2 protein chains.
Amino acid sequence: MQAKNADLRNLDAVAKRAGVSTATVSRVLNNLNMVKNSTRARVLRAAEELKYHPNLHARSLARGKSRTLGILVSNMENPFFFDIYRALESAAHARGYEVVVANTDYSSEQLVSSVRLMIGWRVAGLAAIVSEMDSHLMQMLTDSKIPIVFYDVGTPQKNITNVRVDYRKGMKKIVEYLHSLGHTRMAFLGHHSTLGPISERRKTFLETVARFSPNTEGQIVAAADGLEGGRQAARELLSSGFQPTAILCVNDFMAVGVLRHLRDQGIRVPEDVSVTGFDNIKLAEFCSPALTTVHIPRERIGQTIFGNLVPDQASDRLSGQEILIDPELVVRESTGVARQTQALENRQLSNSGLQPRC
Amino acid sequence: MQAKNADLRNLDAVAKRAGVSTATVSRVLNNLNMVKNSTRARVLRAAEELKYHPNLHARSLARGKSRTLGILVSNMENPFFFDIYRALESAAHARGYEVVVANTDYSSEQLVSSVRLMIGWRVAGLAAIVSEMDSHLMQMLTDSKIPIVFYDVGTPQKNITNVRVDYRKGMKKIVEYLHSLGHTRMAFLGHHSTLGPISERRKTFLETVARFSPNTEGQIVAAADGLEGGRQAARELLSSGFQPTAILCVNDFMAVGVLRHLRDQGIRVPEDVSVTGFDNIKLAEFCSPALTTVHIPRERIGQTIFGNLVPDQASDRLSGQEILIDPELVVRESTGVARQTQALENRQLSNSGLQPRC
DNA sequence: TAGTCAAATGTAACCGCTTACATACGCACA
DNA sequence: TGTGCGTATGTAAGCGGTTACATTTGACTA
């Protein structure tokens with residue numbers, strides 16, 4: 001009478017109604033052979049009639065292992081991360097795995113509690129598409145013995161696979177491309193961060209620009225993340241005295257914010273200044289002007305993560321390895337031949353180091 | 001030796017190490033009183049040393065109830081849905097509930113299997129932020145006896161709470177606003193759908209336009225969803241002979257696609273034609289020109305869903321009710337005073353029913 | 001007709017936790 | 001010293017499945 005779930009039937013109920021034992025029901029439900037067809041039909045009908053749904057907790061508990069993968073994402077709102085998540089999920093579903101995802105919102109506390117949750121759920125594997133990760137958490141993860149694949153966490157760890165994008169290569173391509181268009185004053189807008197993916201872009205920017213020195217100058221502008229951050233950083237940059245021929249943004253969102261500010265100021269892109277993004281999110285194609293950016297193959301990343309999370313018959317599994325994925329340059333409308341800095345001369349005449357033209 | 005999870009400790013292990021019974025350990029871990037402080041400390045230390053993490057499956061199974069909510073979302077990539085999800089999640093966390101989310105990708109099959117999963121996990125409640133929902137599934141859900149709150153599913157159901165946005169009101173506001181700016185030829189771009197939220201906007205559009213008849217004409221254009229859908233629909237509309245003074249889109253994404261096409265064609269917004277969106281996603285503020293649209297309070301929606309999903313001491317819980325939420329008009333740059341149709345005359349001279357000016 | 005063996009099904013232990021109930025403990029009181 | 005009682009802890013029965021192992025069934029052989 002006071003059954004906790006008076007409303008949900010269990011194996012016993014099905015077994016009784018079909019006139020068999022729970023073992024047989026279980027066999028039917030798990031598609032094991034060794035069950036007579038007539039029995040199978042009877043059981044299936046009973047389950048159907050009782051609207052039976054197996055209790056997945058009980059199942060996991062009994063099996064002692066699950067086919068559920070955990071995914072940690074810093075920011076699901078970021079279409080870039082989302083695409084990886086989606087690819088990973090499809091790959092998982094295709095192989096009969098379920099997926100639970102936790103959005104950590106860049107919060108360290110949320111991340112910790114999400115990890116606790118995942119461990120508590122005894123997920124079969126964990127994909128970490130997160131940027132914040134301290135050593136204490138790392139310890140917790142390795143202790144848990146759960147297979148883990150990190151996306152883009154800089155420091156390679158023992159026994160943990162790391163899928164990374166070769167951002168250096170991407171950033172190098174952008175700078176070289178802009179250089180070939182005659183750009184000589186490039187600004188890099190990025191959030192102030194020591195995180196691998198970010199600082200790698202920044203460092204490579206500086207290195208590559210340095211290679212073209214002294215004809216080419218580089219400048220770093222710290223910026224908050226997102227559209228608003230880009231807008232704000234553009235404002236700062238333009239009033240800083242550095243007159244860029246090209247503005248390189250650490251990601252597409254920021255670039256769109258920059259475009260917005262430039263438009264507000266009546267500065268034309270790419271005629272007056274070129275702008276580039278990074279990541280190639282969908283928005284990059286639809287903003288105006290469409291953004292020149294670096295495409296990062298999210299689909300492949302997702303699949304690669306899955307492939308390295310789940311043991312496979314004859315897969316490319318490389319445990320404890322670092323796997324590098326190559327990005328590629330996508331040229332659209334927001335970049336063009338450099339026109340020195342004359343477009344900005346109206347705004348910045350005070351700077352005498354440059355000769356206005358036209 | 002052949003323990004299934006030789007690597008993960010269980011209550012027994014902790015109990016042994018602390019020299020107590022599993023019951024006591026459980027009491028400590030669940031913060032029950034009736035435990036001597038010295039014992040508590042001993043248990044806690046043992047758990048810590050063993051790096052113990054409770055098995056949540058076992059816990060749910062034993063407790064017979066969970067504090068986990070399931071969220072079904074048609075498309076997490078849609079920032080609009082995402083915002084609702086996020087608000088719902090915060091509300092849940094704030095009250096000690098966990099959340100699992102399933103992205104159904106508008107696929108009916110995915111939805112079914114996600115629902116199965118949720119039922120299997122015995123979630124304490126289910127929030128359905130989905131557009132596809134057939135009667136068979138509905139049956140399955142009501143049979144499961146799980147408390148459910150739907151977002152925006154048109155048909156009110158017995159015993160199921162329905163949180164809805166009053167789209168009529170929003171759409172009416174837009175049309176009236178445009179009418180007050182002198183617009184006389186309005187086109188509505190929306191995907192062809194009988195779904196409540198969509199068809200409601202479409203119908204209200206027609207009704208409201210009809211109120212201003214015969215001075216004002218309305219036109220419906222079917223369109224695929226998303227940016228590309230908007231782009232394509234704009235193309236169709238412009239070559240259809242109907243020369244709109246204003247283009248009303250069923251959502252912001254579509255509107256941004258429209259803006260893109262108009263820009264490509266050299267048609268100015270709002271000088272030549274006004275464009276409106278719906279939803280007020282973040283992008284609406286940052287596209288150019290910034291989009292006039294209807295703001296829908298996602299945060300409140302998320303909170304409301306939670307409030308109606310979880311039994312509360314003295315809450316506003318209204319089971320089986322329909323709760324209406326009011327949207328509001330946000331005027332930005334993409335709308336302006338109507339200038340008849342002269343902007344399009346270059347493209348559409350063939351249509352003799354109109355007198356070109358200027 | 002009994003014997004053999006594979007196929008079909010049943011029995012019951014176990015997964016790791018919670019919790020009702022039983023028990024042990026200590027202490028005040030008569 | 002025995003009694004009673006509140007507090008702290010232990011015992012063991014579930015929760016709803018899975019699965020090793022035991023048992024039954026039945027077709028086929030000798």
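Lettering of chains follows the sequences in order, A, B, ..., and the numbering in each one begins at 1. If you're wondering where the values come from, they're calculated on a predicted model, not measured in any experiment.
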Interface polar pairs with nucleotides 10-13 of chain D, N/O, under 3.5 angstrom:
{"from": "D/dG10", "atom 1": "OP2", "to": "B/Ser21", "atom 2": "N", "distance (Å)": "2.7"}
{"from": "D/dG10", "atom 1": "OP2", "to": "B/Ser21", "atom 2": "OG", "distance (Å)": "3.0"}
{"from": "D/dG10", "atom 1": "OP2", "to": "B/Thr24", "atom 2": "OG1", "distance (Å)": "2.8"}
{"from": "D/dG10", "atom 1": "O6", "to": "B/Arg27", "atom 2": "NH2", "distance (Å)": "2.5"}

Tell me every residue that passes side-chain contact (heavy atoms from CB on, under 4.5 Å) with B/Ala102, counting only those two or more places apart in sequence or in another chain.
B/Leu72, B/Ser114, B/Met118
Provide, to the nearest angstrom, the distance between the CG atom belonging to A/Leu11 and the P atom belonging to D/dG14.
17 Å
Basic-acidic side-chain contact under 4.0 Å: B/Arg67, B/Glu98
no
Please confirm whether the shortest side-chain N or O distance from B/Arg59 to OP1 or OP2 of C/dT18 is below 4.0 Å.
yes
In short, the helix from C/dT1-D/dA30 to C/dA30-D/dT1 is bent end to end, axes from five pairs each side, to 10°, by 60°
Which of parallel (below 30°), tilted (30 to 60°) and perpendicular (above 60°) describes A/Trp121 and B/Trp121?
parallel
B/Asn31 has an atom CG; how far is it from atom C1' of C/dT18, in whole Å?
15 Å
Rounded to whole angstroms, how far apart are CE on B/Met34 and C1' on C/dT19?
14 Å
Provide, to the nearest angstrom, the distance between the CG atom belonging to A/Asn10 and the P atom belonging to D/dG16.
5 Å
Rounded distance (Å) that lies between atom P of C/dA7 and atom CG of A/Asn37
14 Å
Check the angle between the aromatic planes of A/Phe306 and A/Tyr97 and answer parallel, tilted or perpendicular using the 30° and 60° thresholds.
perpendicular
To the nearest Å, give me how far apart NZ (A/Lys36) and C1' (C/dA6) are.
14 Å
Atom CG of A/Asn33 and atom C1' of C/dA7: how far apart are they, to the nearest Å?
10 Å
For A/Asp12, report the nucleic acid contact type (base, sugar-phosphate, nothing); a contact means any heavy atom under 4.0 Å.
nothing
Please pick, from D/dT9, C/dT9, C/dG16, the nucleotide with the shortest atom-to-atom distance to any side-chain atom of B/Val35.
D/dT9
Assign A/Asn30 to base, sugar-phosphate, or nothing according to its heavy-atom contacts below 4.0 angstrom with the strands shown.
sugar-phosphate
My understanding is that only residues two or more places apart in sequence, or in another chain, count here; which of them pass side-chain contact (heavy atoms from CB on, under 4.5 Å) with A/Ser90?
none
Taking only residues two or more places apart in sequence or in another chain, which ones pass salt bridge (Lys or Arg N to Asp or Glu O under 4.0 Å) with B/Glu299?
none
Which pair of non-hydrogen atoms, one from A/Met76 and one from A/Phe82, has the smallest distance, and what is that distance?
O-CB, 3.7 Å
Could you tell me whether the phosphate oxygens of D/dT9, OP1 or OP2, come under 4.0 Å of any side-chain nitrogen or oxygen in B/Thr39?
yes
Without decimals, in angstroms, what is the distance between A/Leu32 CG and D/dC21 P?
16 Å
Nearest atoms (heavy-atom pairs only) where A/Ile148 meets A/Ile146
CG1-O, 3.0 Å
With sequence neighbours excluded, tell me which residues meet side-chain contact (heavy atoms from CB on, under 4.5 Å) with A/Asn30.
A/Ser26, A/Leu32, A/Arg59, A/Arg63
Taking 4.0 Å as the cut-off, does a side-chain nitrogen or oxygen of A/Asn55 come that near to OP1 or OP2 on D/dG16?
no
